[in-house]
Asks: 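Have a look at this one before I ask anything.
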Amino acid sequence: MSLERAGRLPMQVSRGCIQVAFPMEPTESLLRQFRRDLLEFVRDQSADSVVVDLSSLQVLDQEEFNSIRATLDMTKLLGVHVVITGLRPGIVAVMAELEMDLPYPAGRDLDHGFDLVRLHREKRTSR
Amino acid sequence: MSPVRFRIADEADLQHATAEAHQAFLGLGATETQAAKFRTAVSELVRNILKYADRGHLVLTELTDGHRVGMRALVADKGPGIADLELALADAYSTSGTLGLGLPGVRRLVDQFHIESEPGSGTRVTIEVWT
(Lines give C-alpha, C1' and ligand atoms only; values in the text may rest on other atoms or scores of the structure.)
Protein backbone atom coordinates (compact mmCIF):
# COMPACT_ATOMS: atom_id res chain seq x y z
CA MET A 1 0.00 0.00 0.00
CA SER A 2 1.40 3.43 -0.81
CA LEU A 3 0.32 7.04 -0.51
CA GLU A 4 1.67 9.29 -3.25
CA ARG A 5 0.00 12.52 -4.31
CA ALA A 6 1.22 15.85 -5.60
CA GLY A 7 2.61 18.13 -2.86
CA ARG A 8 2.95 15.26 -0.43
CA LEU A 9 5.71 13.00 0.73
CA PRO A 10 5.32 9.51 -0.72
CA MET A 11 4.75 6.88 1.97
CA GLN A 12 4.61 3.15 1.68
CA VAL A 13 3.91 0.44 4.17
CA SER A 14 5.17 -3.10 4.27
CA ARG A 15 4.45 -5.56 7.08
CA GLY A 16 3.37 -2.84 9.46
CA CYS A 17 6.38 -0.59 8.81
CA ILE A 18 5.84 2.74 7.09
CA GLN A 19 8.69 4.14 5.00
CA VAL A 20 8.88 7.81 4.14
CA ALA A 21 11.69 9.77 2.47
CA PHE A 22 12.20 13.51 2.73
CA PRO A 23 13.06 15.57 -0.34
CA MET A 24 16.13 17.82 -0.52
CA GLU A 25 14.30 21.01 0.48
CA PRO A 26 10.92 20.47 2.15
CA THR A 27 8.63 23.50 2.18
CA GLU A 28 6.57 24.59 5.17
CA SER A 29 3.36 23.45 3.53
CA LEU A 30 4.88 20.05 2.71
CA LEU A 31 5.94 19.62 6.35
CA ARG A 32 2.42 20.48 7.55
CA GLN A 33 0.89 18.05 5.08
CA PHE A 34 3.43 15.39 6.10
CA ARG A 35 2.22 15.62 9.70
CA ARG A 36 -1.42 15.11 8.76
CA ASP A 37 -0.63 12.32 6.29
CA LEU A 38 1.71 10.38 8.56
CA LEU A 39 -0.62 10.42 11.57
CA GLU A 40 -3.56 9.31 9.44
CA PHE A 41 -1.51 6.70 7.59
CA VAL A 42 -0.30 5.20 10.89
CA ARG A 43 -3.88 4.91 12.09
CA ASP A 44 -5.30 3.59 8.80
CA GLN A 45 -2.56 1.01 8.29
CA SER A 46 -2.26 -0.02 11.96
CA ALA A 47 1.50 0.41 11.56
CA ASP A 48 3.80 -0.39 14.48
CA SER A 49 6.89 1.38 13.11
CA VAL A 50 8.04 4.23 10.86
CA VAL A 51 11.39 4.62 9.13
CA VAL A 52 11.99 8.24 8.13
CA ASP A 53 14.79 8.65 5.61
CA LEU A 54 16.46 12.08 5.87
CA SER A 55 19.38 11.37 3.52
CA SER A 56 18.30 13.91 0.90
CA LEU A 57 18.08 16.79 3.39
CA GLN A 58 20.87 19.29 2.81
CA VAL A 59 19.87 21.75 5.51
CA LEU A 60 17.77 21.58 8.64
CA ASP A 61 17.04 24.95 10.15
CA GLN A 62 15.12 25.69 13.34
CA GLU A 63 11.73 25.86 11.68
CA GLU A 64 12.15 22.60 9.80
CA PHE A 65 13.67 20.85 12.79
CA ASN A 66 10.81 21.90 15.09
CA SER A 67 8.21 20.73 12.59
CA ILE A 68 9.83 17.33 11.98
CA ARG A 69 10.51 16.80 15.67
CA ALA A 70 6.88 17.59 16.60
CA THR A 71 5.55 15.23 13.95
CA LEU A 72 7.78 12.37 15.09
CA ASP A 73 6.90 13.02 18.75
CA MET A 74 3.20 12.82 17.86
CA THR A 75 3.78 9.61 15.91
CA LYS A 76 5.53 8.09 18.91
CA LEU A 77 2.53 9.01 21.06
CA LEU A 78 0.43 6.80 18.78
CA GLY A 79 2.51 3.87 20.00
CA VAL A 80 4.71 3.67 16.93
CA HIS A 81 8.44 2.89 16.95
CA VAL A 82 10.19 5.72 15.07
CA VAL A 83 13.58 5.29 13.38
CA ILE A 84 15.43 7.99 11.42
CA THR A 85 18.05 7.23 8.81
CA GLY A 86 20.63 8.83 6.57
CA LEU A 87 21.39 12.12 8.35
CA ARG A 88 24.32 13.79 6.59
CA PRO A 89 27.46 14.66 8.57
CA GLY A 90 26.93 18.38 7.94
CA ILE A 91 23.43 18.30 9.40
CA VAL A 92 24.59 16.22 12.35
CA ALA A 93 27.30 18.82 13.02
CA VAL A 94 24.73 21.63 12.97
CA MET A 95 22.41 19.67 15.27
CA ALA A 96 25.23 19.04 17.74
CA GLU A 97 26.31 22.69 17.66
CA LEU A 98 22.77 23.92 18.30
CA GLU A 99 21.82 21.13 20.74
CA MET A 100 18.96 20.03 18.51
CA ASP A 101 17.96 16.58 19.70
CA LEU A 102 16.06 13.97 17.71
CA PRO A 103 15.66 11.29 20.39
CA TYR A 104 15.03 8.35 18.08
CA PRO A 105 17.13 5.38 17.06
CA ALA A 106 19.19 6.41 14.05
CA GLY A 107 20.42 4.24 11.20
CA ARG A 108 23.17 4.99 8.70
CA ASP A 109 20.89 4.12 5.80
CA LEU A 110 17.55 2.48 5.08
CA ASP A 111 18.86 -1.09 5.48
CA HIS A 112 20.28 -0.20 8.88
CA GLY A 113 16.97 1.46 9.75
CA PHE A 114 14.99 -1.67 8.91
CA ASP A 115 17.46 -3.72 10.98
CA LEU A 116 16.70 -1.46 13.95
CA VAL A 117 12.96 -2.00 13.45
CA ARG A 118 13.46 -5.77 13.29
CA LEU A 119 15.57 -5.76 16.46
CA HIS A 120 12.94 -3.68 18.26
CA ARG A 121 10.21 -6.14 17.26
CA GLU A 122 12.30 -9.12 18.36
CA LYS A 123 12.93 -7.52 21.76
CA ARG A 124 9.24 -6.78 22.15
CA THR A 125 8.10 -10.32 21.33
CA SER A 126 10.76 -11.96 23.53
CA ARG A 127 9.57 -10.09 26.64
CA MET B 1 33.37 36.85 -7.84
CA SER B 2 31.58 40.15 -7.32
CA PRO B 3 28.85 40.28 -4.67
CA VAL B 4 25.65 38.49 -5.64
CA ARG B 5 22.31 39.88 -4.46
CA PHE B 6 19.17 37.81 -3.89
CA ARG B 7 15.70 39.25 -3.39
CA ILE B 8 13.86 37.53 -0.51
CA ALA B 9 10.08 37.60 -0.58
CA ASP B 10 8.86 34.02 -0.30
CA GLU B 11 9.90 30.50 0.59
CA ALA B 12 11.08 29.75 -2.94
CA ASP B 13 13.51 32.68 -2.62
CA LEU B 14 14.71 31.25 0.70
CA GLN B 15 15.41 27.85 -0.83
CA HIS B 16 17.15 29.32 -3.88
CA ALA B 17 19.27 31.73 -1.86
CA THR B 18 20.37 29.18 0.74
CA ALA B 19 21.21 26.63 -1.96
CA GLU B 20 23.36 29.25 -3.73
CA ALA B 21 25.11 30.12 -0.46
CA HIS B 22 25.85 26.44 0.13
CA GLN B 23 27.20 25.88 -3.39
CA ALA B 24 29.26 29.08 -3.34
CA PHE B 25 31.03 28.09 -0.12
CA LEU B 26 31.59 24.53 -1.33
CA GLY B 27 33.02 26.03 -4.52
CA LEU B 28 35.62 27.86 -2.42
CA GLY B 29 36.78 24.56 -0.95
CA ALA B 30 34.67 24.43 2.21
CA THR B 31 33.96 21.00 3.66
CA GLU B 32 30.41 19.65 3.61
CA THR B 33 30.17 20.38 7.35
CA GLN B 34 31.36 23.99 6.96
CA ALA B 35 28.95 24.51 4.07
CA ALA B 36 26.04 22.98 6.01
CA LYS B 37 26.69 25.30 8.96
CA PHE B 38 26.85 28.34 6.68
CA ARG B 39 23.70 27.32 4.84
CA THR B 40 21.81 26.76 8.09
CA ALA B 41 22.90 30.17 9.41
CA VAL B 42 21.81 31.89 6.18
CA SER B 43 18.53 29.95 6.25
CA GLU B 44 17.75 31.12 9.80
CA LEU B 45 18.42 34.76 8.90
CA VAL B 46 16.48 34.66 5.65
CA ARG B 47 13.58 32.91 7.34
CA ASN B 48 13.49 35.73 9.89
CA ILE B 49 12.87 38.14 6.98
CA LEU B 50 9.87 36.09 5.88
CA LYS B 51 8.56 35.79 9.46
CA TYR B 52 8.95 39.36 10.61
CA ALA B 53 9.67 41.70 7.70
CA ASP B 54 7.88 40.19 4.70
CA ARG B 55 10.69 41.03 2.28
CA GLY B 56 14.37 41.89 2.18
CA HIS B 57 17.57 40.77 0.52
CA LEU B 58 20.71 38.65 0.87
CA VAL B 59 24.11 39.62 -0.51
CA LEU B 60 26.84 36.98 -0.79
CA THR B 61 30.46 38.11 -1.09
CA GLU B 62 33.62 36.04 -1.39
CA LEU B 63 36.38 36.91 1.06
CA THR B 64 40.12 36.37 1.20
CA ASP B 65 42.76 37.43 3.70
CA GLY B 66 45.69 36.21 1.65
CA HIS B 67 45.82 32.85 3.42
CA ARG B 68 42.21 31.68 3.55
CA VAL B 69 39.01 32.20 1.65
CA GLY B 70 35.56 32.67 3.05
CA MET B 71 32.07 33.99 2.49
CA ARG B 72 30.19 36.96 3.84
CA ALA B 73 26.40 37.00 3.91
CA LEU B 74 24.56 40.26 4.49
CA VAL B 75 20.88 39.74 5.28
CA ALA B 76 18.86 42.94 5.45
CA ASP B 77 15.27 44.05 5.66
CA LYS B 78 13.24 47.18 6.33
CA GLY B 79 10.89 45.44 8.72
CA PRO B 80 9.92 46.34 12.28
CA GLY B 81 13.45 45.92 13.65
CA ILE B 82 14.38 44.45 17.02
CA ALA B 83 13.55 46.46 20.12
CA ASP B 84 15.95 44.69 22.50
CA LEU B 85 18.96 43.24 20.72
CA GLU B 86 20.53 41.93 23.90
CA LEU B 87 17.43 39.92 24.66
CA ALA B 88 17.14 38.66 21.07
CA LEU B 89 20.72 37.40 21.23
CA ALA B 90 20.23 35.64 24.56
CA ASP B 91 20.01 31.86 24.40
CA ALA B 92 16.51 30.41 24.80
CA TYR B 93 14.82 33.59 23.61
CA SER B 94 12.77 34.07 20.50
CA THR B 95 9.61 36.05 19.84
CA SER B 96 8.33 33.34 17.53
CA GLY B 97 7.55 30.99 20.39
CA THR B 98 10.28 28.52 19.55
CA LEU B 99 13.37 27.98 21.66
CA GLY B 100 16.44 30.09 21.14
CA LEU B 101 17.94 28.55 18.07
CA GLY B 102 17.53 31.72 16.00
CA LEU B 103 20.10 34.51 16.36
CA PRO B 104 22.07 32.84 19.18
CA GLY B 105 22.23 29.70 17.07
CA VAL B 106 23.41 31.62 14.02
CA ARG B 107 26.14 33.21 16.09
CA ARG B 108 27.37 29.77 17.14
CA LEU B 109 27.52 28.52 13.56
CA VAL B 110 29.69 31.27 12.08
CA ASP B 111 33.11 32.87 12.61
CA GLN B 112 31.94 36.48 12.69
CA PHE B 113 28.51 37.89 13.47
CA HIS B 114 27.36 41.49 13.43
CA ILE B 115 23.86 42.87 13.79
CA GLU B 116 22.36 46.34 13.50
CA SER B 117 18.72 46.96 14.11
CA GLU B 118 16.58 50.02 14.59
CA PRO B 119 12.98 49.64 15.71
CA GLY B 120 10.80 50.74 12.82
CA SER B 121 13.68 50.87 10.34
CA GLY B 122 14.80 47.30 9.85
CA THR B 123 17.61 44.88 10.58
CA ARG B 124 20.98 44.14 8.96
CA VAL B 125 22.90 41.03 9.93
CA THR B 126 26.37 40.28 8.57
CA ILE B 127 27.98 36.89 9.05
CA GLU B 128 31.35 35.59 7.88
CA VAL B 129 32.73 32.09 7.60
CA TRP B 130 36.20 30.93 6.62
CA THR B 131 37.49 27.67 5.21
Side-chain angles (χ1 to χ4, degrees), chain A residues 6-9 21-37 52-74 76 84-104 106-109, chain B residues 8 10-26 30-52 58 73 75 88 91-111 113 127 129 131:
Chain A
R8 293 176 162 189
L9 293 185
F22 269 75
M24 198 181 290
E25 293 170 353
T27 61
E28 262 181 71
S29 60
L30 187 76
L31 289 172
R32 279 196 301 272
Q33 188 65 49
F34 165 61
R35 179 172 304 170
R36 285 194 290 270
D37 285 347
V52 182
D53 182 39
L54 301 170
S55 59
S56 293
L57 275 186
Q58 293 204 338
V59 65
L60 186 63
D61 69 17
Q62 171 192 338
E63 199 84 6
E64 294 157 344
F65 170 80
N66 286 336
S67 180
I68 292 172
R69 167 81 197 254
T71 299
L72 299 185
D73 285 351
M74 290 176 200
K76 191 177 173 185
I84 55 174
T85 62
L87 279 174
R88 292 177 180 224
I91 290 186
V92 170
V94 169
M95 289 173 64
E97 192 86 49
L98 301 184
E99 298 167 34
M100 296 154 87
D101 189 18
L102 277 178
Y104 303 101
R108 292 180 302 277
D109 50 30
Chain B
I8 306 296
D10 58 31
E11 203 173 348
D13 293 337
L14 179 151
Q15 293 193 341
H16 173 63
T18 58
E20 290 290 326
H22 189 242
Q23 282 307 317
F25 199 29
L26 281 177
T31 65
E32 187 59 50
T33 297
Q34 289 173 322
K37 286 183 179 181
F38 181 53
R39 183 175 183 165
T40 304
V42 172
S43 182
E44 297 286 359
L45 297 174
V46 169
R47 200 179 283 284
N48 281 346
I49 291 179
L50 300 180
K51 269 194 216 166
Y52 303 112
L58 161 72
V75 181
D91 264 325
Y93 173 79
S94 163
T95 54
S96 67
T98 49
L99 287 175
L101 300 175
L103 294 178
V106 170
R107 198 152 64 160
R108 279 198 245 172
L109 292 174
V110 299
D111 296 313
F113 176 96
I127 56 174
V129 288
T131 54

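We use all heavy atoms of the structure for the numbers below, so side chains are in, but hydrogens, waters and symmetry mates are not. Each chain gets a letter, A, B and so on, in the order its sequence line appears, and its residues count up from 1.
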Asks: Rounded at 0.5 Å granularity, tell me how far CD in Glu11(B) sits from CD in Glu28(A).
Replies: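 It comes to 4.5 Å.
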Asks: CG/Leu98(A) to OG1/Thr40(B) distance, rounded to the nearest 0.5 angstrom?
Replies: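 Atom-to-atom, Leu98(A):CG and Thr40(B):OG1 are 7.5 Å apart.
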Asks: For residues Ser43(B) and Asp61(A), report the shortest heavy-atom separation together with the two atoms involved.
Replies: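 Heavy atoms of Ser43(B) and Asp61(A) come nearest at OG-OD2, 2.5 Å.
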Asks: Is a donor on one side and an acceptor on the other found under 3.5 Å between the side chain of Gln15(B) and the backbone of Glu25(A)?
Replies: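 It does hold such a pair.
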Asks: Roughly how far apart are Arg39(B) CZ and Leu60(A) CG, rounded to 0.5 Å?
Replies: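 Output value for this atom pair is 11.0 Å.
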Asks: What are the two closest non-hydrogen atoms of Ala36(B) and Ile91(A), and how far apart are they?
Replies: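 Where Ala36(B) meets Ile91(A) most closely, the heavy atoms are CB-N, 4.3 Å.
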Asks: Does Gln62(A) use its side chain to pair, donor to acceptor, with the backbone of Glu44(B) at less than 3.5 Å?
Replies: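 No, the answer is negative, given that no donor and acceptor are paired below the 3.5 Å cut-off.
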Asks: Under 4.5 Å heavy-atom distance to chain A, tell me which part of Arg47(B) shows up: side chain, backbone, both or neither.
Replies: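 When you check distances to chain A, only side chain atoms of Arg47(B) fall under 4.5 Å.
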